[in-house]
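A quick write-up on the structure given underneath.
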Amino acid sequence: MKQLQGIAASRGVGIGPVFQFRRAELKIESVCVDDVTKELDRFQSAIEVARQQIQEVYNKAKQESSSAQAEIFSAQLLMLDDPEFMGQIRDFIQENNANAESALSKVSQSFTDMLRAMDNEYFAARALDIQDVTNRLLRVLLGVAESPTEGLLQPSVICADDLTPSDTTLLDKRLVIGFCTAFGSATSHTAILARGLGLPAVSGVGKAALDMANGALIILDGNNGTVYIDPEESLVTTFQKRMDAVAVVRKEAFKHAHEPAITLDGKRFEVSSNIGNVEGARKALENGAEGVGLLRTEFLYLERQSLPSEEEQYQAYKQILDLYKEKPVILRTLDVGGDKELPYLEMPEEMNPFLGQRAIRLCFAHPELFKTQLKAALRAGEGNNLWVMFPMVAAAGEVRQARQVLNECIAELKAAGQSYADTARIGIMVEIPSAAVNADQLSKEVDFFSIGTNDLSQYTMAADRTNSLVADLSNAFHPAVLRLIRQTIQSAHARGKWVGMCGELAGEPLAIPVLIGLGLDEFSVNPPMVPFVKQIIRGLNAEEMKSIAQEALELESPEEIKALVKERVAVANIEI
Ligand code: PEP
Ligand code: MG
């Protein structure tokens with residue numbers, strides 16, 4: 001048996017075979033062919049295979065996703081018959097005795113270069129379409145498996161270098177036992193995805209994660225960040241028993257999932273959910289969420305080749321808001337940049353994208369994009385309980401600027417005779433240290449705060465949240481981060497403003513007593529955690545937690561703080 005140590009990224013235990021997730025590399029060689037006619041036939045056959053594949057994806061997209069997604073593939077089908085594009089490839093083969101792969105990649109490159117040079121979002125998106133079709137044809141010609149998940153036929157632990165949001169859309173979640181990644185940290189997107197699905201994950205294991213043989217049995221301990229390869233029978237039994245014990249706790253927590261979270265001394269705390277799509281919204285409600293504490297709207301923007309229209313966004317937001325009716329839904333405006341790129345949007349090349357034009361900064365640079373989203377949100381909020389939240393706010397002026405754009409949207413909707421939510425509450429994420437330090441000033445500008453500890457930790461500790469080498473530092477249990485949280489809550493409460501938390505810290509059993517002691521109003525956690533967080537809160541005395549929190553904030557390290565809570569608060573030791 002071998003053992004690897006990584007970072008505990010999502011709690012739980014998974015036992016199963018390894019599945020190595022790899023993005024296939026397309027290696028193109030230029031070869032001089034003897035028989036040009038044969039090469040042209042080969043190219044034609046590849047077109048027919050690609051046509052069949054795209055037709056299947058089109059049918060699937062039409063059934064499962066939006067019509068806009070399906071349209072991408074119908075445009076790609078047309079491209080296969082485009083006389084200009086395909087004609088040039090055939091000419092290239094004929095004139096140069098070239099193999100189909102090199103002709104295809106050269107012609108495609110000249111088309112995409114030309115489109116990109118037009119410096120226009122529409123043409124940039126078309127370039128991406130051409131690239132997509134080209135890659136598909138190349139895969140067919142080179143005999144490379146279509147998707148990195150081909151061969152994933154049984155429930156497995158997915159091992160990869162790290163997973164991007166786009167990789168994860170390719171995964172059939174029913175076949176995923178958990179995730180084990182070479183890189184990444186506890187707040188990287190793999191971790192957030194795993195928590196959202198209630199699956200265990202270990203990140204930052206190092207390259208050894210990629211060396212495990214496909215099919216090898218492993219135990220993934222998401223609570224301690226340990227991976228056991230080819231474990232002994234007795235260890236499997238031990239972990240299986242642990243899983244059984246967790247199932248008992250889980251059953252109990254789920255029994256009371258729809259009851260409020262009231263402490264032993266009678267104080268009620270809101271427990272909401274972080275969601276990223278309609279499916280998550282439903283799951284959260286089933287698990288007893290009292291609202292949406294964070295709607296990550298990126299889901300509408302990623303994995304596509306053009307911006308979503310106002311109508312498409314309106315429909316998607318409305319579906320979620322209608323589900324929640326009078327329950328609050330905090331809709332966060334677009335947060336891309338950093339490690340989330342939109343291929344169809346001109347984004348600057350930056351040395352430090354996490355410190356660059358991300359989130360609200362990017363929205364200010366693209367006012368039309370921003371206004372389209374705000375209008376869709378305001379329209380969907382009509383008759384529902386919409387709260388609008390701006391991410392990555394660093395200064396009070398940004399809130400005023402965002403409000404001004406919002407007011408312009410309201411005026412335009414009004415002029416167009418459209419109905420909209422005129423009572424939406426306006427708030428910001430507190431996830432940049434300057435916002436926490438100046439929370440007294442910022443609280444004058446908003447109705448509420450929601451603390452984003454994932455970013456607040458990385459920016460406070462100057463430790464990239466996606467970098468496993470500095471994962472120890474990018475830790476929300478650090479007293480520096482907790483002190484900023486205290487300051488934020490105190491400043492907001494002094495003005496009678498509400499403070500929630502949607503960062504991952506809100507779902508940490510050992511953090512909940514401290515956050516209750518600091519007076520946090522709401523805990524927004526991933527759907528599977530809602531019943532557990534409520535259960536823990538019910539076992540606490542809010543008044544007693546005040547002194548524990550003050551003591552904790554005098555300590556010097558995350559380890560000392562966790563040890564203090566572990567020792568003093570029995571219910572926080574819950575094994576989940
Ligand atoms: C955060 O930063 O804590 C947060 C909730 O936002 P995200 O993880 O989407 O950056
Ligand atoms: Mg954030």
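Keep in mind that the numbers below use all heavy atoms, side chains included, and drop hydrogens, waters and symmetry copies. Sequence positions, counted from 1, serve as the residue numbers for this chain. Remember, it's 1-based here, ligands and their atoms both numbered in the order they're listed.
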(request) Using distance alone, decide if ligand 1 has a nitrogen or oxygen within less than 3.5 Å of any nitrogen or oxygen in Glu298. (result)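 N/O-N/O distance under 3.5 Å: no.
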(request) Say whether Glu431, considering both its backbone and side-chain N or O atoms, lies within less than 3.5 Å of an N or O atom on ligand 1. (result) yes
When you look for heavy atoms under 4.0 Å from ligand 1, do you find them on the side chain of [X], its backbone, both, or neither?
X	answer
Glu504	neither
Met392	neither
Leu294	side chain

Taking side chain as C-beta onward, heavy atoms only, is [X] less than 4.5 Å from [Y]?
X	Y	value
Leu406	Leu374	yes
His366	Leu345	yes
Arg332	Glu298	yes

(request) Check each of Asn454, Leu456, Ile451, Asp335 against atom 1 (C) of ligand 1 and report the one with the nearest heavy atom. (result)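 Among Asn454, Leu456, Ile451, Asp335, the closest heavy atom to atom 1 (C) of ligand 1 belongs to Asn454.
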(message) Out of all atoms in ligand 1, which are within 4.0 Å of some heavy atom of Cys502? Include the element for each.
(response) 5 (C)
(message) Ignoring hydrogens, what is the shortest heavy-atom contact between Gly356 and Glu350? Give both atom names and the distance.
(response) CA-OE2, 3.3 Å
(request) Taking all non-hydrogen atoms of both residues into account, name the closest pair between Gly184 and Ile7 and its distance. (result)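 Heavy atoms only, the tightest pair is O-CD1, 3.8 Å.
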Throw together a table of side-chain donor-acceptor distances under 3.5 angstrom for residues 498-507, partners on residues two or more places apart or in other chains.
from, atom 1, to, atom 2, distance (Å)
Trp498, NE1, Glu270, OE2, 3.1
Glu504, OE1, Arg195, NH1, 2.7
Glu504, OE1, Asn526, ND2, 3.3

(message) Suppose the criterion is salt bridge (charged side-chain N to carboxylate O under 4.0 Å, His left out): which pairs have a residue in residues 512-528, not counting sequence neighbours?
(response) none
(message) Using the side-chain hydrogen bond (donor to acceptor under 3.5 Å, both in side chains) criterion, which residues pair with Glu382? Sequence neighbours excluded.
(response)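 Glu382: no side-chain hydrogen bond (donor to acceptor under 3.5 Å, both in side chains) contacts found.
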(request) Count the heavy atoms of every other residue, nucleotide or ligand shown that sit under 6.0 Å from CD of Glu310, and state whether that count exceeds 12. (result)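 Yes, enclosed.
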(message) Take a 6.0 Å sphere around NZ of Lys283 and say whether it holds more than 12 heavy atoms from other residues, nucleotides or ligands.
(response)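 Open.
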(request) Mind checking how many protein N/O/S atoms fall short of 2.8 Å from the Mg ion (ligand 2)? (result) 2
(message) Between ligand 1 and Arg358, can you find any atom pair, the residue atom being a heavy atom, that is separated by under 4.0 Å?
(response)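 The answer is yes: ligand 1 sits under 4.0 Å from a heavy atom of Arg358.
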